[in-house]
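Okay, structure first, notes after.
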Amino acid sequence: MKTKLIIGPNLYNWDPEIWRDFYFKIADEAPVDEVVLGEVICSKRAPLFNGFFDEVVERLENSGKKIIFSTLAEITSNIDRRLLAKQVSQKNIFIEANDVAALLNINNTPHAIGSYMNVYNEEALEFFAKNGATNITLSPEIPKSAIAELNKTAKNLNIDLEIIIYGRIGLALSARCYHARAHKLTKDSCKFICDEDPDGMDLTTLEGREFLTINGIQTMSYTCLNLANEINDLQKIGIYKFRISPQSKGTIHASKVFRNLLDNKIDKSEAMVLLEKEKINAPFSNGFFHGLPGNEWRV
Amino acid sequence: MDKEQKPELICPAGTPASLRTAVDGGADAIYCGFVGPTNARNFPGLNFSLDEMAKSVLYAHDRGAKLLCAINSFPTAGRTDIWKKAIDDAISIGVDAVIIADIGMADYMSKKHTNARIHLSVQAGASSAESINFYCERFDIKRVVLPRILTVAEIKKVHDAIDCEIEAFIFGNIGMMAEGRCSLTNYVTGLSTNMDGVCSPANFVHYEEDENRNLTTRLGEFAIDCIGCGQNAGYPTICKGRYNATHRKGYYAFEEPISLNLTHLLPDLIDAGVTALKIEGRQRSKAYIKSVVSSFRSAIDAFAKGETPDISDLLALTEGHKQTEGAFLSKKWR
């Protein structure tokens, strides 16, 4: 099976023009097969990108990349519900559901399940498959042993499992906007200040140690997930779809490195050296995969 | 409020003794879980063996109370048999409902035990009418335990748009993160809230005092808070710690260590269509359960008679602790 690289949804509030140019570059330069678009974190941000959405879609399609439309990870307010309704009502697009709410009106149309949904076991996998899911991106906290078990079932059900291999890790969601809180604002009065932090806002302990990253209602890892050393293990399990999460630096670079690694043009130690060269200013982690604390790096 | 609207009072029990206390104190239903990873409060010394659960069902039923069995963690692949057995066991001893979070286990239970009541756990994180209706449609769930992220006004709208009962938390500890979707503990400890049923496990908690008697509370390697002399040191839960951000230093980045207390909102919640009012705290002592349950029992009974209840007992229970109406009062909380 040919390995596939996927650019996951952009989770941050980037300047719309930078956002557009990022995807233009993905279209032109990134050796990836699929790109996930659509606002996952905050319904207030979604309209900011409307002006460029169609041209981004067109450019990506013209470059031969498949487009997947992601839905919101948390549905609470009426704004969330209206955005979700709009996201799922479009015809002839392939949806990635990030909350059960998205499934209500999907009615067996083929779709994907995103990493914000809980798919931890064979029974959940089977339920989603029977409901029309053809692709499931697993939560990054699921360790190798469970990925292996899940993939046996996935193969029998003829659906694909996708693993996130690179980028900061989404750890939690809330109804409250922690970006707004840091500026003594609230979600409704946020002034979109999350746009100050293209890779999220650092949260350090009182002792000054880097700990977490705030991205609106989402809390993320400070570390950057990197499964370059584990790609072989994943391939042995039978995984062939790998997702990279966009960051302000090094995303296209990482896609090229992983493409070469998957094509056996470089080995994992060469990949590691290359990935270190161009990345956000945060250490790598791979603990979750090994059943260790997610912030840790196991050599 | 007329009689038919009188809501059920749902109380926690971590041990058979607490369960008897809650039943005797006037709880309409008790929720509890089996020993092991099948429930989301998998703490040492808590929870019920099968035999204890069976006896507790009899104890509750003999006194007109219900027992709701929480099987509300997310089994990882390769070990779902433990969860399925827990569901089968619970049904075989006659529990009144099983509280489920995992969609695979909801599917299993709805097919295997077609007449049994499924309550959707707060851990399922169903925060919208669309999500709840999906669970109703596919698994015929009879009740949803709502996440603690909706305002009363939003709860009313959800109530009007769904086909099942609503259970809402009114009192106790609150986590700030959407339940069933938080890997913060796993990020620090390697143990998962969803998969292992633990949040801030005690064996990873450390307290360190310096020469000036400042106390640093730690989860694993990470400092969660630092408390000066004389201040109360809270249990180090990541979402209740103090941190530094670029624009704000030493602040509660998520929420202050605070308890949920919706006493003042009870009439509004009932008017919004809430069927059952839930108290958090399966880890709490018998004495705590006794006073909380009896206080809420009198408060609800008074509201039902159209009287204004004396809530001083409830306020006294949280004396010295900060309390909040959390997300329930207004969108400004967000």
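Order of the sequence lines sets the chain letters (A, B, ...), proteins ahead of strands, with each chain counted from 1. What you see is a predicted model; the values in this text were computed from it and never measured.
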Any chance the side chains of A/Ser285 and B/Tyr187 put a donor and an acceptor closer than 3.5 Å?
-> no

Of the backbone (N, CA, C, O) and the side chain (C-beta and beyond), which part of A/Tyr116 lies under 4.5 Å from a heavy atom of chain B, both, or neither?
-> both

B/Lys249 versus chain A, the contacting section by heavy-atom distance below 4.5 Å | neither

Side-chain heavy atoms of A/Leu104 within contact of B/Glu137, under 4.5 Å = yes

Measure distances from B/Glu179 to the heavy atoms of chain A and classify the residue's part below 4.5 Å as side chain, backbone, both or neither.
-> neither

Sort A/Gln218 into side chain, backbone, both or neither according to what part of it lies under 4.5 angstrom from a heavy atom of chain B.
-> neither

4.5 Å side-chain heavy-atom contact, B/Asn194 and A/Glu141 = yes

Mark yes or no for whether A/Asn118, through its side chain, and B/Gly180, through its backbone, hold a donor-acceptor pair below 3.5 Å.
-> yes

Working to the nearest 0.5 Å, report the span between OG of B/Ser131 and CG of A/Leu103.
-> 8.5 Å

Measure across B/Ala77 and A/Glu149 and return the closest heavy-atom pair with its distance rounded to 0.1 Å.
-> CB-CB, 3.4 Å

Chain B contact via A/Thr153 - which portion, at a heavy-atom distance below 4.5 Å | neither

Within 6.0 angstrom of A/Asn281 CG, more than 12 heavy atoms from elsewhere | no

If you tally heavy-atom pairs under 4.5 Å against chain A, which of B/Ile103, B/Asp225, B/Ile224 wins?
-> B/Ile103

Counting heavy-atom pairs under 4.5 angstrom with chain B, the leader among A/Cys177, A/Ala182, A/Ser77 is A/Ala182

Between B/Leu191 and chain A, which part of the residue has a heavy atom less than 4.5 Å away: side chain, backbone, both or neither?
-> neither

So, do A/Glu123 and B/Thr80 sit near enough that their side-chain heavy atoms are less than 4.5 Å apart?
-> yes

Looking only at heavy atoms, the pair that brings A/Arg181 and B/Ala253 closest together is CD-O, 3.3 Å

Under the side chain to side chain contact (heavy atoms under 4.5 Å, CB included) rule, collect the residues that match up with A/Glu126, sequence neighbours excluded.
-> A/Lys130, A/Leu157

For the residue pair A/Asn78 and B/Lys157, establish whether any side-chain heavy-atom pair is separated by less than 4.5 Å.
-> yes

Counting heavy-atom pairs under 4.5 angstrom with chain B, the leader among A/Ala146, A/Ser221, A/Gly291, A/Gly287 is A/Ser221

Closest non-hydrogen atom pair, B/Ala245 against A/Met201 = CB-CE, 3.8 Å

Which bit of A/Phe211 comes within less than 4.5 Å of chain B, counting heavy atoms only: side chain, backbone, both or neither?
-> both

SG on B/Cys239 to CZ on A/Arg176, rounded to 0.5 Å | 11.0 Å

Let me know if A/Asp202 has heavy atoms under 4.5 Å from chain B in its side chain, its backbone, both or neither.
-> backbone

Side-chain touch A/Glu207/B/Arg218, heavy atoms, less than 4.5 angstrom = yes

Contact check, side chains of A/Thr76 and B/Arg334, non-hydrogen atoms, under 4.5 Å | yes

Counting heavy-atom pairs under 4.5 Å to chain A, which of B/Phe254, B/Tyr243, B/Tyr251 comes out on top?
-> B/Phe254

Begin with the C-alpha distance, continue with both residues' side-chain angles, and end with the deciding distance and a verdict on side chain to side chain contact (heavy atoms under 4.5 Å, CB included) for B/Asn244 and A/Leu203.
-> CA-CA 6 Å; B/Asn244 293 328; A/Leu203 205 61; over 6 Å; no

Look only at the side chain of B/Arg181 and the backbone of A/Leu171, and say whether a donor-acceptor pair between them is shorter than 3.5 Å.
-> no

For B/Phe222, does its backbone N or O pair with a side-chain atom of A/Thr205 as donor and acceptor, under 3.5 Å?
-> no

Side chain, backbone, both or neither: which part of B/Tyr135 has a non-hydrogen atom closer than 4.5 Å to chain A?
-> side chain

Would you mind reporting whether B/Ile149 and A/Glu74 have side-chain heavy atoms less than 4.5 Å apart?
-> yes

Under the side chain to side chain contact (heavy atoms under 4.5 Å, CB included) criterion, do A/Thr219 and B/Met177 qualify, and how do the steps go?
-> CA-CA 9 Å; A/Thr219 305; B/Met177 302 306 178; 3.5 Å; yes

Heavy-atom distance under 4.5 Å to chain B: side chain of A/Arg209, backbone, both or neither?
-> side chain

Top residue by heavy-atom pair count (under 4.5 Å) with chain A, among B/Met105, B/Arg148, B/Arg138?
-> B/Arg138

Test item: B/Arg79 side-chain N/O and A/Asn121 main-chain N/O as donor-acceptor pair under 3.5 Å | no

Could you tell me whether A/Asn158 atom CG has more than 12 heavy atoms of other residues or ligands within 6.0 Å of it?
-> no

Among B/Asn186, B/Thr185, B/Thr216, which residue forms the greatest number of heavy-atom pairs with chain A at distances under 4.5 Å?
-> B/Asn186

Side chain from CB out, backbone as N, CA, C, O: work out which of these in B/Phe139 comes under 4.5 Å of a heavy atom of chain A, or both, or neither.
-> side chain

At a heavy-atom separation under 4.5 Å, does B/Thr76 approach chain A through its side chain, its backbone, both, or neither?
-> both

Choice from A/Asp197, A/Leu212, A/Val100, A/Ile214 maximising heavy atom contacts with chain B below 4.5 Å | A/Val100

Carefully, step by step, assess A/Phe288 and B/Ser192 under the rule side chain to side chain contact (heavy atoms under 4.5 Å, CB included).
-> CA-CA 10 Å; A/Phe288 279 147; B/Ser192 160; over 6 Å; no

Any side-chain heavy atom of A/Pro143 within less than 4.5 Å of one from B/Met195?
-> yes

Please state whether the side chain, the backbone, both or neither of A/Leu206 comes within less than 4.5 Å of a heavy atom of chain B.
-> both

Chain B contact via A/Lys184 - side chain, backbone, both or neither, heavy atoms under 4.5 Å | both

Output the distance between atom OG (B/Ser128) and atom CG (A/Leu84), rounded to the nearest 0.5 Å.
-> 7.5 Å

How about B/Asp102 and A/Tyr120: does a side-chain donor come under 3.5 Å of a side-chain acceptor?
-> no

